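A short write-up of the structure that comes next.
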Amino acid sequence: MNRVRLLHFNAALGPLDYRLPEGMDAPPGTVVAAPLGPRQIIGIVWEKERLPADEVPDAKLRPLLGKLPVPPLKESLRRLIEWTADYYCAHPASVARMVLSSGGALKGPATMTEYRLTDQTPERMTPQREAAIDALQGEQATIRELAGIAGVSEGVLRGLVNQGVLEPVEVDCDRPFERARADFHLPSLSPAQREVAERFIGAVSEGKFAPFLLDGVTGSGKTETYFEGIAEALKKGQQVLVLLPEIALTEAFLRRFEDRFGAPPVTWHSSLKSTERRRAWRAIAAGTAQVVVGARSALFLPYANLGLIVVDEAHEVSFKQDDGVRYNARDVAVMRARFEKIPVILASATPALESLQMAEAGIYEKLDLPSRFGGAELPDVETLDLTKEPPARGHWLAPRLVEQLKLRLERGEQSLLFLNRRGYAPLTLCRHCGYRFQCPNCSAWLVEHRLSHRLACHHCGHETATPDKCPECGEPDCLVACGPGVERIADEVAEILPEASVAIATSDTLNSPEKIAHFVGSVEEGAVDVIVGTQLVTKGFHFPELTLVGVVDADLGLEGGDLRAAERTYQQVAQVAGRAGRGEKRGEVIIQTRHPDAPVIAALAAGDRDAFYEAEAEARRHAGAPPFGRWAAIIVSSEDENEAREAARQIGATRPNLPDVQILGPAPAPLSLLRGRYRHRLLINARRSAQLQDVIREWLGSLKFPVGVRVNVDIDPYSFV
Ligand code: ADP
Ligand code: ZN
């Protein structure tokens with residue numbers, strides 16, 4: 001009997017068995033269509049012994065419908081799917097969904113119709129038609145895209161098609177990407193860079209599992225060195241994956257990549273159009289996409305022939321996914337490299353303690369770039385004690401920082417003020433009755449965005465127009481903003497330096513590649529004097545005329561119960577400090593704080609990274625925190641407050657009693673209401689030796705909850721809200 005087992009997207013049903021029709025060959029990894037009731041599902045043929053299922057008698061098996069026109073998933077990827085599901089206590093179906101993440105790609109080759117201008121003129125010219133023809137010179141795209149480009153309705157363009165002014169062109173949806181060339185523009189590396197690059201070249205050419213931690217100060221040329229590893233993979237005809245923590249960083253990366261390799265890489269992120277997605281997916285699976293730059297989801301794509309993975313800014317928290325499968329792309333990247341038997345490079349100026357520990361244990365090879373390229377020096381860092389040098393009333397920038405801003409403006413240099421808070425103010429209240437604006441769906445204040453005249457929740461996206469009177473007492477003109485956001489700091493700069501041109505850089509203002517490119521362009525041209533930005537501007541940017549960085553409130557990140565708060569503050573401030581003095585002029589960093597003696601602030605001021613990491617490691621060791629112990633969280637939520645509390649209580653009451661596992665809670669989560677769901681948390685702290693995932697699976701596996709209750713497991717959590 002030719003029985004095959006399928007992993008498919010419906011996690012609730014579990015794997016299903018089918019009959020392999022006569023003459024069909026479907027080895028493990030084959031992507032197939034199969035019947036389920038009256039419907040059709042997509043599945044991946046799996047090794048039967050690796051995936052338990054309820055065995056259906058042979059006689060009842062239904063036949064597979066057919067194979068989909070994509071290459072079978074390789075064994076290395078199948079093992080990665082299993083490992084990810086197992087490690088993060090997720091269902092393999094949910095991981096498989098991240099692999100087969102383009103519905104269009106699974107349908108096979110396709111063409112589509114695009115349109116371009118001919119040399120015909122319309123019989124009757126209208127202002128709209130004229131504008132469209134002007135705007136569409138040299139363009140070729142679908143009607144819908146052209147309408148977007150020209151800013152006219154699709155109807156106007158259809159009219160032009162009927163008159164032969166626009167002509168249809170059949171294009172292959174899978175047309176190949178431009179080829180990158182390993183030797184397009186060879187760099188001249190410094191001796192230190194050359195040494196590091198040679199290690200990467202050697203490892204890629206050898207082609208075995210080799211994890212590297214590239215630890216180089218900001219501006220040391222980490223990118224230049226791993227580019228040489230990429231070049232080696234290109235020479236071998238292999239693919240490379242580069243993971244970046246944010247799309248905002250992609251812009252600068254693309255330019256540098258193109259300068260070095262003569263063609264842009266293939267990009268992968270959530271805002272791709274579905275046609276771009278299918279094209280990228282199919283090229284990746286066919287092996288013709290040479291270098292893929294992407295967000296964390298690019299990690300699960302079916303590369304045909306991967307030769308190297310790079311995780312840049314590897315310490316970044318955004319590599320951790322906090323919904324669906326709660327994985328950490330940095331860690332999964334290392335596992336993927338292991339299954340693929342290839343090198344992986346984790347690059348950072350401020351590596352995570354977990355990564356440093358792996359290097360110390362000899363598991364990762366650590367490579368150092370201890371100085372900036374081209375003789376640029378690291379900036380001077382000093383603290384500014386806000387309790388001794390307070391800002392003027394109602395202001396946030398202390399006089400000494402203001403003096404330095406003025407000095408930069410006089411010298412024609414640029415400054416950057418860092419505050420990790422979007423919007424104008426984090427809290428708005430009524431001066432008359434004390435009413436505070438809160439999100440109806442979350443236990444969180446609404447953040448005022450003055451530029452867009454909205455109050456917004458940063459957790460669920462709820463928004464309302466800012467009212468002109470208090471919704472509670474009806475008093476007009478009584479609303480006061482409490483605390484600063486970047487917009488408020490920008491206002492303050494405009495007030496004290498009216499002649500300065502100020503740019504706000506946050507995910508609200510730089511929310512598209514075009515806007516980012518425009519921002520970078522205007523800073524490079526010198527059209528911006530002061531940048532006020534969130535963590536978005538802490539990485540990647542290279543502005544040689546930027547000589548002053550002011551950290552508006554270094555204490556902000558230390559509030560809240562995050563176990564990595566000190567490390568994150570260190571990383572953020574060190575990274576943003578790294579934007580200063582990257583050219584010929586020396587940079588200066590001023591850190592405003594109320595706690596200049598806090599170990600993390602003192603270490604930043606002294607430039608003593610080792611002291612910080614040692615103290616932090618000691619504190620973690622003492623607390624049994626990662627990397628010395630392990631954490632996991634269980635988050636229980638429901639739209640029904642009682643149901644959520646009761647489910648959490650039940651989980652707490654059935655807790656296992658084990659010597660190497662400590663369980664805290666249940667307790668209401670700090671964000672006790674999120675998107676309309678009430679939330680409770682348990683936190684598990686285990687020794688490294690404990691079989692943490694098995695313990696959790698066994699514990700939760702025996703419990704039954706009402707349908708409205710969700711129980712999420714977060715292994716190695718980064719978020720504690
Ligand atoms: P990091 O990623 O370590 O912060 P980058 O790779 O961004 O450093 O390099 C910092 C700056 O120095 C960039 O503008 C880069 O182009 C330049 N640079 C670094 N190494 C070289 C080199 N060997 N030749 C020319 N420019 C270099
Ligand atoms: Zn909300």
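Keep in mind that this is a model prediction, so the values were computed, not measured. Remember, it's 1-based here, ligands and their atoms both numbered in the order they're listed.
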Inset, instruction - Please answer whether the main-chain N or O of Ile504 pairs with a side-chain N or O of Thr509 as donor and acceptor at a distance below 3.5 Å. - result: yes
Inset, instruction - Heavy-atom contacts with Leu189 under 4.0 Å: which atoms of ligand 1 show up? List them by number with element. - result: 23 (N)
Legend entry - Polar contact flag, side-chain donor to acceptor under 3.5 angstrom, Thr350-Arg609: no
Inset, instruction - Check whether more than 12 heavy atoms from other residues, nucleotides or ligands sit under 6.0 Å from atom CD of Glu584, and answer yes or no. - result: no
Inset, instruction - Would you indicate whether Glu639, at its atom CD, is surrounded by more than 12 heavy atoms from other residues, nucleotides or ligands within a distance under 6.0 Å? - result: no
Legend entry - Lys/Arg N to Asp/Glu carboxylate O, Lys366 vs Glu360, below 4.0 Å: no
Legend entry - Heavy-atom gap Gly216 to ligand 1 smaller than 4.0 Å: no
Legend entry - Aromatic ring proximity Phe261/Phe227, centre distance under 6.0 Å: yes
Inset, instruction - Indicate if the distance from the Zn ion (ligand 2) to the nearest N, O or S atom of His459 falls below 2.8 Å. - result: no
Inset, instruction - Decide whether the shortest distance between a heavy atom of Leu369 and an atom of ligand 1 is less than 4.0 Å. - result: no
Inset, instruction - For ligand 1, indicate whether the residue His542 contacts it via side chain, backbone, both or neither (heavy-atom separation under 4.0 Å). - result: side chain
Legend entry - Which residue and heavy atom of the protein sit nearest atom 4 (O) of ligand 1, plus the separation: Gly219 N, 2.7 Å
Inset, instruction - Would you check the N or O atoms of Ser190, main chain and side chain alike, for any that come under 3.5 Å of an N or O of ligand 1? - result: no
Legend entry - ligand 1 N/O within reach of Pro187 N/O, cut-off under 3.5 Å: no
Inset, instruction - From the options Tyr226, Phe373, Phe253, select the one whose nearest heavy atom is closest to atom 27 (C) of ligand 1. - result: Phe373
Inset, instruction - Taking only Lys NZ, Arg NE, NH1 and NH2, and the carboxylate oxygens of Asp or Glu, determine whether Glu224 and Arg256 approach each other closer than 4.0 Å. - result: yes
Inset, instruction - Please report which non-hydrogen protein atom sits nearest to atom 3 (O) of ligand 1, along with the residue it belongs to and the distance in Å to one decimal place. - result: Lys222 NZ, 2.8 Å
Legend entry - Nearest neighbour in protein (non-hydrogen) for atom 2 (O) of ligand 1: Thr223 OG1, 3.4 Å
Legend entry - Any N or O of Gly221 closer than 3.5 Å to N or O of ligand 1: yes
Inset, instruction - Within a distance under 4.0 Å of any heavy atom of Val217, pick out the atoms of ligand 1 and give their elements. - result: 3 (O)
Legend entry - ligand 1 versus Arg582: contacting region, heavy-atom distance under 4.0 Å: side chain
Inset, instruction - Report, in ascending order of atom number, the atoms of ligand 1 lying under 4.0 Å from any heavy atom of Ser188. - result: 22 (C), 23 (N), 24 (N)
Inset, instruction - Using a 4.5 Å cut-off on heavy atoms from C-beta on, say whether the side chain of Gln575 contacts that of Gln535. - result: no
Inset, instruction - Answer yes or no for His458: is there an N/O/S atom below the 2.8 Å cut-off from the Zn ion (ligand 2)? - result: no
Legend entry - Per-atom contacts of ligand 1 with Ser220, taking only distances under 4.0 Å to non-hydrogen atoms: 1 (P), 3 (O), 8 (O)
Inset, instruction - Answer yes if the ring centres of Tyr570 and Phe612 are under 6.0 angstrom apart, and no otherwise. - result: yes
Inset, instruction - Could you verify whether a donor N or O on one side chain and an acceptor N or O on the other, from Tyr226 and Asp312, lie under 3.5 Å apart? - result: yes
Inset, instruction - Would you tell me whether Arg454 and Thr464 have side-chain atoms, one donor and one acceptor, within less than 3.5 Å of each other? - result: no
Inset, instruction - Could you tell me the angle subtended at the Zn ion (ligand 2) by SG of Cys460 and SG of Cys439, rounded to 10°? - result: 100°
Inset, instruction - Check whether any N or O atom of Thr218, backbone or side chain, sits under 3.5 Å from an N or O atom of ligand 1, and answer yes or no. - result: no
Inset, instruction - Could you go through the salt bridge (charged side-chain N to carboxylate O under 4.0 Å, His left out) check for Asp529 and Arg408 one step at a time? - result: CA-CA 8 Å; Asp529 300 309; Arg408 293 312 183 289; over 6 Å; no
Legend entry - Flag for Arg568-Gln572: side-chain donor and acceptor within less than 3.5 Å: no
Legend entry - ligand 1-proximal atoms of Ala349, by part, heavy-atom distance under 4.0 Å: neither
Legend entry - For Ala314 against Leu346, the heavy-atom pair lying closest together: CB-CB, 3.8 Å
Legend entry - From the candidates Gln193, Arg372, Glu224, the one that places a heavy atom nearest atom 16 (O) of ligand 1: Glu224
Legend entry - SG (Cys442) to the Zn ion (ligand 2) to SG (Cys457) angle, given to the nearest 10 degrees: 110°
Inset, instruction - Determine, considering heavy atoms only, which of Arg255, Arg194, Arg256, Arg579 sits nearest to atom 13 (C) of ligand 1. - result: Arg256
